[in-house]
**Q** 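Dumping the structure here so I can ask a few things about it.
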2 protein chains.
Amino acid sequence: MIQDPQLDDTFAALANGTRRAILARLAKGQASVNELAEPFDMSLPAISKHIKVLENAGLIERGRDAQFRPCNLNAAPLREVSNWAEQYRHIWEDRFDRMDTVLQQLKEETNE
Amino acid sequence: MIQDPQLDDTFAALANGTRRAILARLAKGQASVNELAEPFDMSLPAISKHIKVLENAGLIERGRDAQFRPCNLNAAPLREVSNWAEQYRHIWEDRFDRMDTVLQQLKEETNE
DNA sequence: GCTACAATAAACTGGTTAGTTAATTAATCA
DNA sequence: TGATTAATTAACTAACCAGTTTATTGTAGC
């Protein structure tokens with residue numbers, strides 16, 4: 001469950017702002033490589049490589065429409081990311097519980 | 001929101017099974033470097049470096065207790081990961097809705 | 001077949017990562 | 001002070017990553 005190469009690939013793919021921006025664009029619908037590249041001050045091959053990283057991580061699926069290779073978002077791996085992170089929710093929420101405890105103690109001490 | 005170096009660092013830190021295993025161990029409570037290293041077939045300096053990566057990503061905080069440098073989990077960055085992934089929940093859940101649409105269209109086309 | 005456009009591949013560079021072994025620092029204890 | 005233990009630093013290697021420019025592939029349309 002912990003040694004999960006799929007999760008390695010997903011997290012690695014997400015560890016880059018350009019790639020997260022590409023996913024955000026695809027959340028609004030299908031796009032060609034040129035359309036995806038347009039907002040970035042970066043060469044087309046660079047974007048092409050980012051797309052390949054996302055595709056290898058299973059976050060993008062592609063088709064063929066004439067010369068175009070339309071990209072579609074596949075969010076399934078993000079569900080795994082969400083599931084993984086949720087394991088730790090009780091810990092980041094506990095912080096506040098503990099904070100409450102501290103505040104409660106302070107209050108009691110003050111009232112003494 | 002998308003170009004977020006903090007998120008870059010967090011995802012990069014999580015893109016490694018050894019580091020995720022270290023976090024899983026720390027979810028059960030504080031541990032020293034040697035305790036964290038014990039389950040792995042890897043040199044101590046290698047683990048020390050993994051810990052530093054996690055620390056730089058803000059996922060671990062450390063203290064000092066005699067010779068020991070106890071590690072504690074800080075789950076706050078994981079909340080950001082969770083929040084980020086949740087943006088896409090409607091998409092991975094929508095898949096079935098769209099599947100329904102496609103099936104509906106197929107049915108209509110077949111009936112023509 | 002030629003031209004134009006979309007996209008990828010090849011070859012290269014500089015910087016980073018994951019690991020190693022050997023040396024070093026820091027704290028405890030006798 | 002000297003020995004022991006915990007942990008990090010230094011120096012190194014092999015592999016990988018993000019970007020570049022140039023060259024190539026694949027498809028459409030004339």
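Chain identifiers are assigned alphabetically (A, B, ...) following the order of the sequence lines, protein sequences preceding nucleic acid strands; residue numbering begins at 1 within each chain.
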**Q** Cluster question for you: counting only ILVMFWY and a side-chain heavy-atom cut-off of under 4.5 Å, with indirect links fine, are B:Ile51 and B:Phe68 together?
**A** no

**Q** Could you write nucleotides 24-30 of chain D as a row of B, S and -, 5' to 3', where a protein heavy atom under 4.0 Å of any base atom gives B, of only sugar-phosphate atoms gives S, and otherwise -?
**A** --BBS--

**Q** Can you list every stem that DNA chain D is part of, counting only runs of 3 or more consecutive Watson-Crick or G-U wobble pairs with both distances under 3.5 Å?
**A** C:1-30 with D:1-30

**Q** D:dA18 P sits how many Å from B:Gln3 CD, rounded?
**A** 13 Å

**Q** With heavy-atom distances below 4.5 Å as the criterion, would you say the side chains of A:Leu73 and B:Tyr88 are in contact?
**A** yes

**Q** Using a 4.5 Å cut-off on heavy atoms from C-beta on, say whether the side chain of A:Asn83 contacts that of A:Glu80.
**A** yes

**Q** Just the rounded figure in Å: distance from C1' of D:dC17 to CG of B:Asn16.
**A** 16 Å

**Q** Under 4.5 Å between any side-chain heavy atoms of A:Pro77 and B:Trp92, yes or no?
**A** no

**Q** Of B:Glu55 and A:Ala12, whose nearest nucleotide on DNA chain D comes first from the 5' end?
**A** B:Glu55

**Q** Got a second to check how far B:Ile47's CD1 is from B:Asn34's CG, nearest 0.5 Å?
**A** 10.0 Å

**Q** Measure the CG-CZ distance between A:Leu23 and A:Arg19 for me, rounded to the nearest 0.5 Å.
**A** 9.5 Å

**Q** Starting at CZ of A:Phe40 and ending at C1' of D:dA18, how long is that distance when rounded to a whole Å?
**A** 14 Å

**Q** CG of A:Leu54 versus P of D:dA18: gap in Å, rounded?
**A** 10 Å

**Q** To the nearest 0.5 Å, tell me how far A:Asn56 CG sits from A:Asp9 CG.
**A** 7.5 Å

**Q** Of all nucleotides in DNA chain C that come within under 4.0 Å of a heavy atom of chain A, which is furthest toward the 5' end and which toward the 3' end?
**A** C:dA6 to C:dA11

**Q** Contacts to DNA chain C from residues 45-53 of chain A, heavy-atom cutoff under 4.0 Å, which residues?
**A** A:Pro45, A:Ser48, A:Lys49, A:Lys52

**Q** Restricting to salt bridge (Lys or Arg N to Asp or Glu O under 4.0 Å), what partner residues turn up for A:Glu55, sequence neighbours left out?
**A** A:Arg62

**Q** Are any of the side-chain heavy atoms of B:Leu78 and B:Leu14 separated by less than 4.5 Å?
**A** yes

**Q** Holding to salt bridge (Lys or Arg N to Asp or Glu O under 4.0 Å), I want the full list of residues that pass it with A:Arg89, two or more places apart in sequence or in another chain.
**A** A:Glu86, A:Glu93

**Q** If we only count heavy atoms from C-beta on, is the A:Arg20 to B:Asp8 side-chain gap below 4.5 Å?
**A** yes

**Q** Send over the distance from A:Asn56 CG to D:dA18 P, rounded to a whole Å.
**A** 12 Å

**Q** Once you measure the plane-to-plane angle for A:Phe11 and B:Phe11, does it fall in the parallel (<30°), tilted (30-60°) or perpendicular (>60°) bin?
**A** tilted

**Q** With rounding to the nearest 0.5 Å, note down the distance linking CG in B:Leu36 to CG in B:Leu44.
**A** 10.0 Å

